[in-house]
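To start, the structure itself, in structure tokens.
Residue numbers start at 1 and run along the sequence shown.
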Amino acid sequence: EVQLQASGGGLVQAGGSLRLSCAVSGISFDDYAIGWFRQAPGKEREGVSCISVAYGRIYYADSVKGRFTISSDNAKNTIYLQMDGLKPEDTAVYFCAAGPYFLGADWHWLSKYDFWGQGTQVTVSS
């Protein structure tokens with residue numbers, strides 16, 4: 001059974017930091033890339049970042065470049081999203097998802113992902 005468990009959300013003031021974790025089981029980072037997505041109230045879900053360990057690629061949305069850092073701990077089968085310099089517009093439910101390791105430029109397309117975890121709420125106060 002494939003499971004992706006997102007955690008680490010919370011309430012933080014603008015300018016603060018949070019680290020999200022996505023614990024993955026049932027699949028290998030050799031075969032799958034892991035993406036982070038977010039969905040704010042009344043808005044569509046959007047891609048935030050993606051890492052393909054097997055492909056050696058990392059991708060970021062323009063809105064988070066320079067503030068967010070995605071990384072992997074292969075021994076723990078966990079993907080992290082370090083979020084620094086948080087802004088109120090980063091407030092959303094954050095999801096992790098698994099898609100083919102060769103996603104490339106399509107990394108932000110929701111339809112490319114096969115497995116999804118539950119979300120974790122991130123709230124940034126001004």
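Within the 6.0 Å centre-distance limit, the rings of Phe37 and Trp116 are counted as a close aromatic pair.
Annotation: side chain of Leu110 is not in contact with side chain of Glu46 (no heavy-atom distance under 4.5 Å). Taking 4.5 Å as the limit, some side-chain heavy atom of Ser17 sits within range of a side-chain heavy atom of Gln82. Phe68 has its side chain out of reach of Ser63: every pair of non-hydrogen atoms, C-beta onward, lies at least 4.5 Å apart. Within the 4.5 Å cutoff, side-chain heavy atoms of Tyr32 are placed close to those of Asp114. Looking at Tyr80 and Ser72, their side chains never come closer than 4.5 Å, going by heavy atoms from C-beta outward.
Judged as a salt bridge (charged side-chain N to carboxylate O under 4.0 Å, His left out), and not counting sequence neighbours, the contacts of Asp62 are Lys65. Scanning for side-chain hydrogen bond (donor to acceptor under 3.5 Å, both in side chains) contacts around Gln118 gives an empty result, with sequence neighbours left out.
With Phe95 as the aromatic partner, Arg38 does not meet the cation-pi criteria of under 6.0 angstrom to the ring centre and within 45 degrees of the ring axis. Cation-pi geometry between Arg57 and Trp107 is not met at under 6.0 angstrom from the ring centre and within 45 degrees of the axis.
Taking each heavy atom of Asp90 and Tyr94 in turn, the nearest pair found is O-OH, 2.7 Å. What you find for Val2 and Gly26 is that their closest heavy atoms are CG2-O, 4.0 Å. Tyr59 approaches Gly104 most closely through the heavy-atom pair OH-CA, 3.2 Å. Among all heavy-atom pairs drawn from Trp36 and Ser21, the shortest one is CH2-O, 3.5 Å. Contact detail for Cys22 and Leu4: the closest heavy-atom pair is SG-CD2, 3.8 Å.
Tracing side-chain contacts under 4.5 Å through hydrophobic residues (I, L, V, M, F, W, Y), one never reaches Val24 starting from Leu103; they form parts of separate clusters. Hydrophobic clustering (side-chain heavy atoms under 4.5 Å, transitive across Ile, Leu, Val, Met, Phe, Trp, Tyr) groups Phe29 together with Ile27. Leu20 and Ile58 fall within the same hydrophobic cluster, defined by Ile, Leu, Val, Met, Phe, Trp and Tyr side-chain heavy atoms under 4.5 Å apart, directly or through other members.
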side-chain contact (heavy atoms from CB on, under 4.5 Å), that's the test. Do Cys50 and Tyr113 meet it? Break it down for me. CA-CA 11 Å; Cys50 176; Tyr113 289 80; 3.6 Å; yes
Given salt bridge (Lys or Arg N to Asp or Glu O under 4.0 Å), test Asp84 with Arg67 step by step and report yes or no. CA-CA 5 Å; Asp84 300 316; Arg67 299 188 298 122; over 6 Å; no
Output, in order, the C-alpha distance, side-chain angles, deciding distance and verdict of side-chain contact (heavy atoms from CB on, under 4.5 Å) for Phe102 and Ser52. CA-CA 7 Å; Phe102 50 83; Ser52 174; over 6 Å; no
Yes or no on side-chain contact (heavy atoms from CB on, under 4.5 Å) for Tyr101 and Val53, after CA distance, side-chain angles and deciding distance? CA-CA 8 Å; Tyr101 75 92; Val53 176; over 6 Å; no
side-chain contact (heavy atoms from CB on, under 4.5 Å) for Thr91 and Gln121? Distances and angles first, verdict last. CA-CA 8 Å; Thr91 295; Gln121 176 71 47; 4.1 Å; yes
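One N or O on the side chain of Ser28 and one on the backbone of Asp30 form a donor-acceptor pair closer than 3.5 Å. Looking at Thr120, its side chain does come within 3.5 Å of a backbone N or O of Gly9 through a donor-acceptor pair. Proximity of a side-chain donor or acceptor of Asp73 to a complementary backbone N or O of Lys76 within less than 3.5 Å is detected.
Checking each of Val48, Val122, Thr69, Ile34 against Leu81 for a side-chain contact (heavy atoms from CB on, under 4.5 Å) leaves exactly one that passes, namely Val48.
Rounded to the nearest 0.5 angstrom, Ile79 CD1 and Cys96 SG are separated by 9.0 Å.
Checking Ser7 against Gln5 by side-chain atom types alone, no donor-acceptor pair falls below 3.5 Å.
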